[in-house]
Peer 1: 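Here it is, the structure, as structure tokens.
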Amino acid sequence: MTRQKIEIKKIDNITARQVTFSKRRRGLFKKAHELSTLCDAQIALIVFSSTGKLFDYSSSSMQEVIERHNLQSQNQEKLPSQRPHLQLEGEKKACTLLSKELEEKTTQLRQLKGEELKKLNLEELKLLEKVVQTSLRRVIETKDERVLEEINYLKKKADQLQEENDKLKQMSSRNEIQRNVVEQGQSTATGICYSPDLPEEHDFSLKLGLPFPN
């Protein structure tokens, strides 16, 4: 037979309430004891009944567990106030380090520009000279590469312009030849249609049955 699920709400009947309280309290203390034994945990339970009667259970000393609880609560209250302070100290240290690094980088940049050199000893000056020479060599190499790229680009552009110029010359020559051919054709056609050597009043009519004139 399936066990009926009990609705969790306040029991109005006083007798039934007391019986349920007694059973549930014993069951709760039993579970607490089992948890303490199985998991080696410190457990303290304090229960007041509806009539004000005190019931308690502790796996060790109730006073020790309560003191430990109070100490833990005090530590938890202190942590939020300590964390901002620690965070602020960390931010101050980081800011100091960044400021020092920025100052060093600024000094190095000025020294590369030839400023503030009196503070450097001979070895530092030699090292700085080496760094400057290396940087200058890299600048020159990069500049030469850019110049070579520009020269190659201009040569390529000149070749393209020369090619386009040759194409234009070829097109102009073909157009000139075609124009001469057209003009010669027009002159030939005009010579066939009209000849200045022929007499203007020459009679080409055919006379039939008439004697030839003497």
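Here the structure is a predicted model, which is why all the values come from computation and not from measurement.
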Peer 1: Go through it in stages, so that I can follow the logic: the residues are Val147 and Glu150, the test is side-chain contact (heavy atoms from CB on, under 4.5 Å), and I'd like the CA-CA distance, side-chain angles, deciding distance and then a yes or no.
Peer 2: CA-CA 5 Å; Val147 171; Glu150 187 69 18; 5.6 Å; no
Peer 1: Step by step, would you call Arg138 with Thr134 a side chain to side chain donor-acceptor pair (under 3.5 Å)?
Peer 2: CA-CA 6 Å; Arg138 291 177 180 174; Thr134 302; over 6 Å; no
Peer 1: Given the rule that I, L, V, M, F, W and Y join up when any side-chain heavy atoms are under 4.5 Å apart, are Leu71 and Ile43 in one cluster?
Peer 2: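 Result: no, two separate clusters.
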Peer 1: Please report the closest heavy-atom contact between Leu117 and Leu125, naming both atoms and the distance.
Peer 2: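 Shortest heavy-atom separation between Leu117 and Leu125 comes out as O-CD2, 4.1 Å.
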Peer 1: Going by atom types alone, do Ser22 and Arg26 pair a side-chain donor with an acceptor below 3.5 Å?
Peer 2: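 On atom types as modelled, these side chains qualify, holding a pair under 3.5 Å.
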Peer 1: Is the count of non-hydrogen atoms from other residues, nucleotides or ligands lying under 6.0 Å from Asn13 atom CG greater than 12?
Peer 2: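 For Asn13, atom CG is crowded (more than 12 foreign heavy atoms under 6.0 Å).
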Peer 1: Cluster partners of Leu136, using ILVMFWY side-chain heavy atoms under 4.5 angstrom, listed by chain and number?
Peer 2: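 Reading the cluster by chain and number, Leu136 sits alongside Ile140.
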Peer 1: Can you tell me how far apart CG (Leu102) and CG (Leu97) are? Round to the nearest 0.5 Å.
Peer 2: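 That separation rounds to 12.5 Å.
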Peer 1: What are the two closest non-hydrogen atoms of Ile11 and Ala16, and how far apart are they?
Peer 2: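 Smallest heavy-atom distance, with atoms named: CG2-CB, 3.9 Å.
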Peer 1: Lys156 versus Asn152: any side-chain heavy-atom pair under 4.5 Å?
Peer 2: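 Lys156 does not reach Asn152 side chain to side chain.
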Peer 1: Looking at every heavy atom in both Gln42 and Ser59, which two are closest together, and how far apart are they?
Peer 2: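 Result for this residue pair: CA-OG, 3.4 Å.
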Peer 1: Take atom CZ in Arg68; do more than 12 heavy atoms of anything else shown fall under 6.0 Å from it?
Peer 2: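 Result for CZ/Arg68: open.
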Peer 1: Is a side-chain donor or acceptor of Ser99 paired with a backbone partner of Cys95 at a separation under 3.5 angstrom?
Peer 2: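 Yes; at least one donor-acceptor contact below 3.5 Å.
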Peer 1: Please determine whether residues Val131 and Leu109 belong to a single hydrophobic cluster, defined as Ile, Leu, Val, Met, Phe, Trp and Tyr linked transitively by side-chain heavy-atom distances below 4.5 Å.
Peer 2: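 Unlinked, Val131 and Leu109 end up in two clusters.
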Peer 1: What ring pair (Phe, Tyr, Trp, His ring centres under 6.0 Å) pairs are there with at least one residue in residues 7-28, not counting sequence neighbours?
Peer 2: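 For residues 7-28, and leaving out neighbouring residues, the ring pair (Phe, Tyr, Trp, His ring centres under 6.0 Å) pairs sorted by first residue read Phe21-Phe55.
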Peer 1: Can you check whether Met171's main-chain N or O pairs, donor with acceptor, with Asn175's side chain at less than 3.5 Å?
Peer 2: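 Checked: pair present.
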Peer 1: For the residue pair Lys113 and Arg110, establish whether any side-chain heavy-atom pair is separated by less than 4.5 Å.
Peer 2: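 No; the side chains remain at least 4.5 Å from each other.
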Peer 1: Tell me whether Thr107 contacts the main-chain N or O of Glu103 through its side chain, where contact means a donor paired with an acceptor under 3.5 Å.
Peer 2: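 Checking the backbone N and O of Glu103 against the side chain of Thr107, a donor-acceptor pair under 3.5 Å is found.
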Peer 1: Which heavy atom in Ser58 sits nearest to a heavy atom in Ser61, and how many Å separate them?
Peer 2: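 Closest pair (atom of Ser58, atom of Ser61, distance): OG-C, 3.4 Å.
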Peer 1: What salt bridge (charged side-chain N to carboxylate O under 4.0 Å, His left out) pairs are there with at least one residue in residues 160-170, not counting sequence neighbours?
Peer 2: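 Listed once each, the pairs are Glu163-Lys167.
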Peer 1: Check whether any side-chain N or O of Gln18 sits under 3.5 Å from a backbone N or O of Thr15 as a donor-acceptor pair, and report yes or no.
Peer 2: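 No, Gln18 side chain to Thr15 backbone: no donor-acceptor pair under 3.5 Å.
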Peer 1: Write down the atom of Leu54, the atom of Ile46, and the distance for their closest heavy-atom approach.
Peer 2: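 Taking every non-hydrogen atom into account, CD1-CG2, 3.5 Å.
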Peer 1: Is there side-chain contact between Glu34 and Lys31, with at least one heavy-atom pair below 4.5 Å?
Peer 2: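 Yes, close enough: below the 4.5 Å cut-off.
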Peer 1: Closest approach of Gln111 and Leu128, non-hydrogen atoms and distance?
Peer 2: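 In terms of heavy atoms, the two residues are closest at O-CD2, 3.6 Å.
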